[in-house]
2 protein chains.
Amino acid sequence: MPRSGSDARRRLQQAALELFRERGYEATTAAEIAARAGVTERTFFRHFKDKREALFHGEEDFRTALADAVIAAPADLDPLSALRVSFGATEQVLRDNRAFSGPRAALIDQTPALQERMLTKTAGLIDALAGALRRRGVKAGAATLAAQMGMAAFNHAVTMWATDPDSGLQENLARAFADLRGLAAPTPPRN
Amino acid sequence: MPRSGSDARRRLQQAALELFRERGYEATTAAEIAARAGVTERTFFRHFKDKREALFHGEEDFRTALADAVIAAPADLDPLSALRVSFGATEQVLRDNRAFSGPRAALIDQTPALQERMLTKTAGLIDALAGALRRRGVKAGAATLAAQMGMAAFNHAVTMWATDPDSGLQENLARAFADLRGLAAPTPPRN
DNA sequence: GGCATTTCGTCAGTCACTGACGTATAGACA
DNA sequence: TGTCTATACGTCAGTGACTGACGAAATGCC
């Protein structure tokens, strides 16, 4: 097979992150990103479906890896526990990407258009998790519900983790799922 | 105050929904919507921040109404129960809007760009619910977590409701929150 | 009947994104 | 080593979303 192509993509991603941070997302054009990466605007849109996607790439890998982990989790685990151990298995990946995902997260926080895209990526992840749970025999409705609950707990855990970077993901996941279970079984354990 | 203006907006919303259903979202231009509504493209963008917003308007009312209901809920209710009764109070509004929101939902289902916007609207709703819970004394982290859980249960309830339109929202909410509590307190009630 | 406020039309412009077509490069195969 | 082919890339032209500036028309108040 010819021409690598994938290193042009990497240059484009790098250039996009830099320019977005320097001038802001709205103020930088796709042509500028392409120029810094040494290619044409047309090439930019051949690699990324739209301007936002330059910052969201490789998330599919994370999604499928997570879904596979859920499918491979011990069969005797209840849905939320299966999700929890799968989230826990991603700690190393998350740690390795901190240098890239840190600045990226800060950028997304102050850019509505990027937040919107982030939400659809998260929704896709939830879908994949729900599908994986269904493969474990969980009924459709319960699978979607559990996937959403798990993602909420995961986000909660990552938020607490960011507050105290010296801690581990595992302990924050434990706390997050405990919080979730505490909320679900409050004043009267049974109605 | 001069010129009504708000009826032009209504005509634009109606025209947008019609054209999107006739030709699809991507295939209809903002100029076409404006033409059917008897105004100019420029006027369209004065009423709506972008093309998608023509279908998402009035959601802010729903959001503040829901947040107010959460704040006004009995003080002795735990967070999830407060959310549940607030959701239950919206049944009449949802029923009244069925004629409009039904076709709209079908349209959104087959239009990725509209799904994306829907997700940000839902995220805004979750934020508002979390804020309302904080006013009830719930700590920040638990409030966002509970709001996400509540929204997941609400979506679950509405899905079941759509499956069986003759049923009531209340019973589906009861079932949805029961499902949620069941998932959160599964095999071992305590870790 | 003036006057202020708000909506709307017109015009011109930027930028995200796409299709068509031609070119260059890297590997497969003779 | 010289074709052959698949793939990445450049160029060009075009559509459509969205915005700023300016002027005109409509509405309510005095």
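Because the structure is a prediction, the values reported are computed rather than measured. So you know, we letter chains A, B, ... as the sequences are listed, proteins then strands, and number each from 1.
- Closest to the side chain of B/Phe45, out of C/dC17, D/dC18, C/dT18, is D/dC18.
- Between A/Lys51 atom NZ and C/dT18 atom P the separation is 14 Å, expressed in whole Å.
- Look at CG on A/Leu55: it is 16 Å from C1' on C/dA16, rounded to the nearest Å.
- In this structure, the CZ atom of B/Arg52 is 16 Å from the P atom of D/dG16, given to the nearest Å.
- Put simply, CD on A/Glu26 is 13 Å from C1' on C/dT14, counting in whole angstrom units.
- Rounding to whole angstrom units, CD of residue A/Glu32 and P of C/dC15 are separated by 8 Å.
- Nearest to the side-chain atoms of B/His47 among the listed nucleotides C/dC8, C/dC15, C/dC17 stands C/dC8.
- Separating the CZ atom of B/Phe44 from the P atom of D/dA17 is a distance of 8 Å, rounded to the nearest angstrom.
- The CZ atom of B/Arg46 sits 14 Å away from the P atom of C/dT6 (whole-angstrom rounding).
- No salt bridge links B/Asp179 with B/Arg175; every basic N to acidic carboxylate O contact stays at or beyond 4.0 Å.
- When distances run from any side-chain atom of B/Thr29 to the nucleotides D/dG16, C/dC15, D/dC18, the shortest one goes to D/dG16.
- In terms of phosphate contacts, B/Thr43 brings no side-chain nitrogen or oxygen within less than 4.0 Å of OP1 or OP2 of C/dT7.
- The side chain of B/Ala8 lies closest to C/dC8, out of C/dC8, D/dT19, D/dC9.
- A/Arg42 has its CZ atom 16 Å from the P atom of C/dG22, to the nearest Å.
- If you check C/dC17, D/dC9, C/dG9 against the side chain of B/Val39, the one that comes closest is C/dG9.
- Ion pairing between B/Glu22 and B/Arg36 holds under the 4.0 Å rule for side-chain N and carboxylate O.
- The NZ atom of B/Lys51 sits 6.0 Å away from atom CD of B/Glu26, with the distance rounded to the nearest 0.5 Å.
- Using cut-offs of 30° and 60° for the angle between ring planes, the B/Phe87 and B/Phe154 rings count as parallel.
- A donor-acceptor contact shorter than 3.5 Å links the side chain of B/Thr29 to the backbone of B/Glu32.
- Comparing atom distances between the B/Glu41 side chain and each of C/dC17, C/dG9, D/dA17 picks out D/dA17 as nearest.
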